[in-house]
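One structure is given here, and the rest of the page talks about it.
Residue numbers begin at 1 in each chain, while the letters A, B, ... track the order of the sequences.
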Amino acid sequence: MMRTRFAPSPTGFMHIGNLRTALFGYLLARRMGGVFALRIEDTDIGRYVPEALDKIYETLKIAGIKHDEGPDIGGNYGPYVQSERKDSYLKQAEALIELGAAYYCICAPGEEACNCRAAGLARPEGPYAIRQLIPPGQTTFSDLVYGEITVENSELEDQVLIKQDGMPTYNFANVVDDHFMAITHVLRGSEYLPSTPKYNLLYEAFGWPIPTYVHLPLILSADGGKLSKRRGDAFFEDFLEKGFLPEAIVNYIVLLGWSPPDNREIYTLAELEQVFGIEGLSKAPSTFDLAKLKWMNGEYFKAMSGKNFEPLAAPYLAAAVKREDINRSALSLMVKDRIATLLEIREILDFIDVLPEYGADLFMNKKNKSTPETAKDMLSKLLPEMEAFPAENWESGAIYKFLTDFAEAQGVKNSLVLWPIRCALSGKESSPGGATELLNVFGKNESVARIKQALEVL
RNA sequence: GGCCCGUUGGUCAAGGGGUUAAGACACUGCCCUUUCACGGCAGUAACAAGGGUUCGAAUCCCUUACGGGUCACCA
């Protein structure tokens, strides 16, 4: 049975690249009817951030990635936290020494000329590390996406397996844990490609079966570099804060370094669990394109019902519009299909609370032939009729009929009366809705007031 | 710098010896429209370069260039 794993270290937020690795591991396991395990790699005591563990659980949950085994839910291969497996690493490293594939090293960390390999020390009294003994020759490993890669062993270093603090290094703990957790497929970023031969040497020395490697191409930022904390495009949380939906982020990310079997791009997680496969993985690094993420996010809003959208938009709406006399549901609906991110709600509705200052030019519209003059004419004639309009009948259908009747009575095209109203109510060149919608959300009193203001400008 | 990996439009990418070299985002234009959007239609735009191999190369090989990764008692 296929077993994959996600092995983050609890050092902070969830990097987009790591999230994608988790996602791919999860999807692959689901697709193949396998198991996806979560293992916490907390061997670096110095970088350990206690809250990060919860962050990992939370992120996976929000993203919809469900692990089958892990520290929180257990499993047959626990414990799933490396610090709790500490003893086994030392034991295995010493076994490796017996096998002639490792040795004790008493040098200080970072020390250059190390003679410990030649010295063949017995277990030292004082502080020591254990290093891997790289044999001469060359090593070939096979990767499902990159194929066969061969390197000269002379390029490899006698890497540290057990640190002086008794903790294993990432590279060693990984090998030991993957073996004892029966991991069959190791998915990780391609930055680990250079250290993979050392893994093989370790597996070979132990006589353990070598797992299938699946290295994933890197995700780059628009400038060709790495995604960065500073630019705010490195972490899953960054994008949530910017008003992106978890589903859209996940959907977008899965398309980075992997392409679906058909031309479709919008997939639910459940659908991805059916179609994801290593065949679609690519070797070349890909650039994270915010514009496409935005488009995709917008698609998710459009596909959503107004009812489902409303609670998502509510907090942003509350920040954007303070006045109480506006129907929130109507606003929410008005905005739903017009935004790429929830954050845009504020900007798109900035005319609701306070009418922006504008000049007579606003009423110019080449296409419908509106001019400040026609606008003034229409609005001044409309105003008294509008004031006479019964407030209790103020709703879209009636408003629209009222306006079209008015236009007909004046003998002009609808747009010649609708356009100036839209301008008067929004004070902007574009607004999330036309005249009827705006009249409807503002209600009679505010609408009349704004039209009066417009007449003053005109 | 050594080693490793990569290179199809601005971006994501399909395609793996014979294609008019898909599709999506972005961009442009037109249509629709009660603004702007949405939607519909159309368009601009690519096989890094040079050598081979082959009847035939985006696809295979080599070289170069460029980009990235890696060379920690970090992960």
| From B:rA22, B:rA75, B:rC71, nucleotide with atom closest to A:Asn263 side chain | B:rA22
| Considering Watson-Crick and G-U wobble pairs with both distances under 3.5 Å, what does B:rC32 pair with? | none
| task | Determine whether the side chains of A:Asp178 and A:Tyr199 contain a donor N or O and an acceptor N or O closer than 3.5 Å. | result | no
| Expressed in whole Å, how much space separates the P atoms belonging to B:rA14 and B:rA24? | 15 Å
| said: Strictly distance-based, threshold 3.5 Å: is any side-chain N or O of A:Asp158 a donor or acceptor partner for the main-chain N or O of A:Leu133? | reply: no
| Any N or O donor-acceptor pair linking the side chain of A:Lys292 to the base of B:rA26 at under 3.5 Å? | no
| query | Contact class for A:Thr43 vs. all strands (heavy atom < 4.0 Å): base, sugar-phosphate, or nothing? | reply | sugar-phosphate
| field | Listed nucleotide nearest any side-chain atom of A:Trp295, set B:rC25, B:rA75, B:rC73 | value | B:rC25
| query | Using a cut-off of 4.0 Å on non-hydrogen atoms, how would the nucleic acid contact of A:Tyr252 be classed: base, sugar-phosphate, or nothing? | reply | nothing
| Which nucleotide in the set B:rU34, B:rG2, B:rC74 lies at the smallest distance from any side-chain heavy atom of A:Glu155? | B:rG2
| message | Taking only the C1' atom of each, what is the distance from B:rA46 to B:rC62 in whole angstrom? | response | 24 Å
| said: Is there a side-chain contact between A:Trp394 and A:Phe389 in this structure, where contact means two heavy atoms from C-beta onward sitting under 4.5 Å apart? | reply: yes
| message | Classify A:Ser415 by what it touches in the nucleic acid, base, sugar-phosphate, or nothing, heavy-atom distance under 4.0 Å. | response | nothing
| message | What's the gap between B:rG69 and B:rU28 when it is taken at their C1' atoms, as a whole Å value? | response | 38 Å
| request: Test for a donor-acceptor pair under 3.5 Å between the base of B:rU34 and the side chain of A:Thr436, counting only N and O atoms. | output: yes
| query | With both distances under 3.5 Å as the test, what is the Watson-Crick or G-U wobble partner of B:rC71? | reply | B:rG1
| message | Using Watson-Crick or G-U wobble geometry with both distances under 3.5 Å, which nucleotide pairs with B:rG43? | response | B:rC27
| query | Who does B:rA13 pair with, Watson-Crick or G-U, both distances under 3.5 Å? | reply | none
| side chain to side chain donor-acceptor pair (under 3.5 Å) evaluation trace for A:Tyr192 with A:Asn171 | CA-CA 10 Å; A:Tyr192 294 109; A:Asn171 284 326; over 6 Å; no
| query | Using atom C1' of each nucleotide, how far apart are B:rC32 and B:rC41 to the nearest Å? | reply | 11 Å
| field | A:Arg422 (side chain) and B:rC36 (base): donor-acceptor pair under 3.5 Å | value | no
| query | Is the number of heavy atoms from other residues, nucleotides or ligands within 6.0 Å of CD1 (A:Ile106) greater than 12? | reply | no
| Judged by atom type as modelled, is there a donor-acceptor pair below 3.5 Å linking the side chain of A:Tyr89 to the main-chain atoms of A:Thr169? | no
| request: Identify whether any heavy atom of A:Pro432 sits under 4.0 Å from a base atom; if not, whether one sits that close to sugar-phosphate; answer base, sugar-phosphate or nothing. | output: base
| query | Within the structure shown, what part of the strands sits under 4.0 Å from A:Leu256 by heavy-atom distance: base, sugar-phosphate, or nothing? | reply | sugar-phosphate
| Of the nucleotides B:rC5, B:rG39, B:rC73, which one has an atom closest to the side chain of A:Glu299? | B:rG39
| Short side-chain donor-acceptor distance under 3.5 Å, A:Glu247 and A:Thr268 | no
| field | Nucleotide nearest A:Asp44 (side chain, heavy atoms from C-beta), chosen from B:rA37, B:rA26, B:rC74 | value | B:rC74
| query | Under 5.5 Å between ring centres and under 30° between planes: true for A:Tyr146 and the base of B:rC5? | reply | no
| message | Using atom P in both nucleotides, what's the gap between B:rA49 and B:rU7 to the nearest angstrom? | response | 14 Å
| query | B:rG6, B:rU11, B:rU35: which one has an atom nearest the side-chain heavy atoms of A:Trp419? | reply | B:rU35
| query | Taking the same atom, C1', in B:rG6 and in B:rA45, what whole-Å distance lies between them? | reply | 23 Å
| request: Rounded to whole angstrom, note down the P distance from B:rG1 over to B:rG15. | output: 35 Å
| Looking at the side chain of A:Ser9, which of B:rA14, B:rC3, B:rA75 is the nearest nucleotide? | B:rA75
| query | Looking only at atom C1', what distance separates B:rA75 and B:rG39, rounded to whole Å? | reply | 48 Å
| request: Scan A:Ala7 against the nucleic acid and name what it touches under 4.0 Å (heavy atoms): base, sugar-phosphate only, or nothing. | output: nothing
| message | Checking contacts here: which listed nucleotide (B:rC5, B:rA26, B:rC12) is nearest the side-chain heavy atoms of A:Ser286? | response | B:rC12
| task | Answer with base, sugar-phosphate or nothing: what part of the nucleic acid does A:Lys302 contact at a heavy-atom distance below 4.0 Å? | result | sugar-phosphate
| task | Among B:rG68, B:rC74, B:rU7, find the nucleotide with the atom closest to the side chain of A:Ala284. | result | B:rU7
| message | Nearest to the side chain of A:Asp289, heavy atoms from C-beta on, is which of B:rG6, B:rC25, B:rA75? | response | B:rC25
